[in-house]
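Every chain is numbered from 1, with letters handed out A, B, ... down the list of sequences.
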Amino acid sequence: MSEYNDIQLVQDCLAGKRYAFEAIVDKYQKTMFNVALRMVNNRDDAEDITQRAFIKCFENLDSYNRSFKFFSWLYRIVTNEAINFLKSRKILTPIESDTESIDQNPEELYTDRELSDMIVSGIAELKEEYRSIIILKHLEGLAYQEIAEILEIPVKTVKSRLFTARTLLRNLLIKKGIRIGI
Amino acid sequence: MKTKYLDMMNKAIDGELTPRERKHLDAYLASDDEANKLFQDLRLIGQQLETIGKEDPSPTMKAGIMNNLPHPRTVKQISSPSIWDSISEFFNARPKFRLGYAFFVGLIAGAVIFSIFSGISGDSMTLKDIQGTLLPAKYLNSLPEGVSDYFAFEKTSGELVFRYGDGILLGELSIRSGEDTEIILSLPRNLIHLTTVSRDIPGSLFIESTEDEIRIQHTGMATYQMLFTDSTRFEGPVNLKIVSHGVTLTERQLILQR
């Protein structure tokens, strides 16, 4: 992801060159779709959110501050759009960060695939700040430093949030009676 | 549990642990069953997270974005100072040359009157003025070398070539036209997006986009650079009509073909 190219494309868009926006869509549509998908856990809704986010991005290109990464700006538009969607459907029920009331009697052993599916749906239940960390780290494969730049938080916070996010996922699985390890 | 061990667990899961830290962590985990269980669980979750692949959006998602971008009727209005403005500015900045300025104005007025009475028209556009050029290389770098997959307009006059690269059709049409000329391009707007970049336009340029037409009007001689994009590999006719002073100079159907 070259920031220079992004800025060049934004400049071209602002100069009225529509094909430059098409290039931006080509470059980021898959990533942003997956961000939305992991937030709402539904392909159709994720596509709607991604489309609306890109249109919003186009409409507000002139307000984009070039001192920030374009990816970061676009990412926030997508996540905000997803959060608004979840709020409108009243399905924003993030799990809390406390570890009380955890069912400590897991009974079922799931296959890797089932466990993976459980984790995917668990991501959608995390608070946004933890969900973002998981998406950027594990789906985008970004380094701590890159995540810190995108979310504009210190690397130390990235690490601590990542730890909390994974722990929350673990607790969620345990709460659902899923045995994680052997 | 000490923070440094939590940090080490994180690093271990993300493969960023040094051998020295690994030794410390192993020793700690061997001494604390609860911490060891937590670490094993988190590591497994980390491994499972890595297996989650990215999904492809449906092929229609991009079209849904591009077709729903705001497309105001007036896309762009560009005005730049004319040569006349520059000359006026030159003389205004130099008061002692004002007599010269008056002489210059008189000379121009005389030339205009002469041209009217001698039948010389400002409109000098002919079909040979329509010509296409390839886009700058930076927009074509996604076209693999040797790939002959390109779009081309049926040649009307001059060269007009459209190229297709990586899902984006990029074409450029340059038209040098006469004064007060209106160029009407009828094209399926849902499939082709036209962006116009003006170059060397001393007068004004006015672009209006309707459901199925893009009208371009200008004053003064102009060279247009029109860039087309297409996300759907469209084949079909594009009607080009050039009107000057209300009279149709030419009306041609350009065939977009692969």
Under the 3.5 angstrom rule, does the side chain of B:E55 hit a backbone N or O of A:N34 as a donor-acceptor pair? no
Bottom line for A:L162: the part with an atom under 4.5 Å from chain B's heavy atoms is both
Evaluate the side-chain proximity of A:T31 to B:K54: yes if any heavy-atom separation is below 4.5 Å, no if none is.
yes
Under 4.5 Å to a heavy atom of chain A? For B:Q47 that would be neither
Exercise for review: Find out whether B:I45 and A:L173 are in side-chain contact, i.e. whether some heavy atom of one side chain is under 4.5 Å from a heavy atom of the other.
Suggested key: yes
Heavy atoms of B:D41 and A:R170 approach each other most closely as OD2-NE, 2.8 Å
Note: vs chain B, highest number of non-hydrogen pairs under 4.5 angstrom among A:R43, A:R38, A:E59 is A:R43
Whatever's closer than 4.5 Å to a heavy atom in chain B on A:I55 counts as both
ask   = Looking at A:K156 and B:D7, does any basic side-chain N land under 4.0 Å from a carboxylate oxygen?
value = no
OG1 (B:T60) and CD (A:Q51) are apart, to the nearest 0.5 Å, by 7.0 Å
query: Any side-chain heavy atom of B:M66 within less than 4.5 Å of one from A:F54?
result: no
Rounded to the nearest 0.5 Å, the CZ atom of A:F21 sits from the CD1 atom of B:I65 at a distance of 7.0 Å
Here the pair of heavy atoms bringing B:M61 nearest to A:T50 is CE-CG2, 3.6 Å
Taking every heavy atom of A:F163 against every heavy atom of B:L6, the minimum-distance pair comes out as CZ-CD2, 3.1 Å
- Query: Should B:L49 and A:K137 be marked as a side chain to side chain contact (heavy atoms under 4.5 Å, CB included) after you check the CA-CA gap, both sets of side-chain angles, and the distance that decides it?
  - Reply: CA-CA 9 Å; B:L49 284 168; A:K137 179 67 195 167; over 6 Å; no
Practice problem: Would you mind reporting whether B:L42 and A:L169 have side-chain heavy atoms less than 4.5 Å apart? | Solution: no
Does the side chain of B:D14 come within less than 4.5 Å of A:Y144's, by heavy atoms? yes
Within a radius of less than 6.0 Å around NZ of B:K11, do more than 12 heavy atoms belonging to other residues, nucleotides or ligands occur? yes
Here the pair of heavy atoms bringing B:P57 nearest to A:Q29 is CG-OE1, 4.2 Å
Quiz prompt | pair B:I52-A:H138: side-chain heavy atoms closer than 4.5 Å | solution = no
The interface call for A:R52 against chain B, heavy-atom contacts under 4.5 Å, is neither
All heavy atoms of A:V25 vs all of B:K62, minimum pair found to be CG1-CG, 3.7 Å
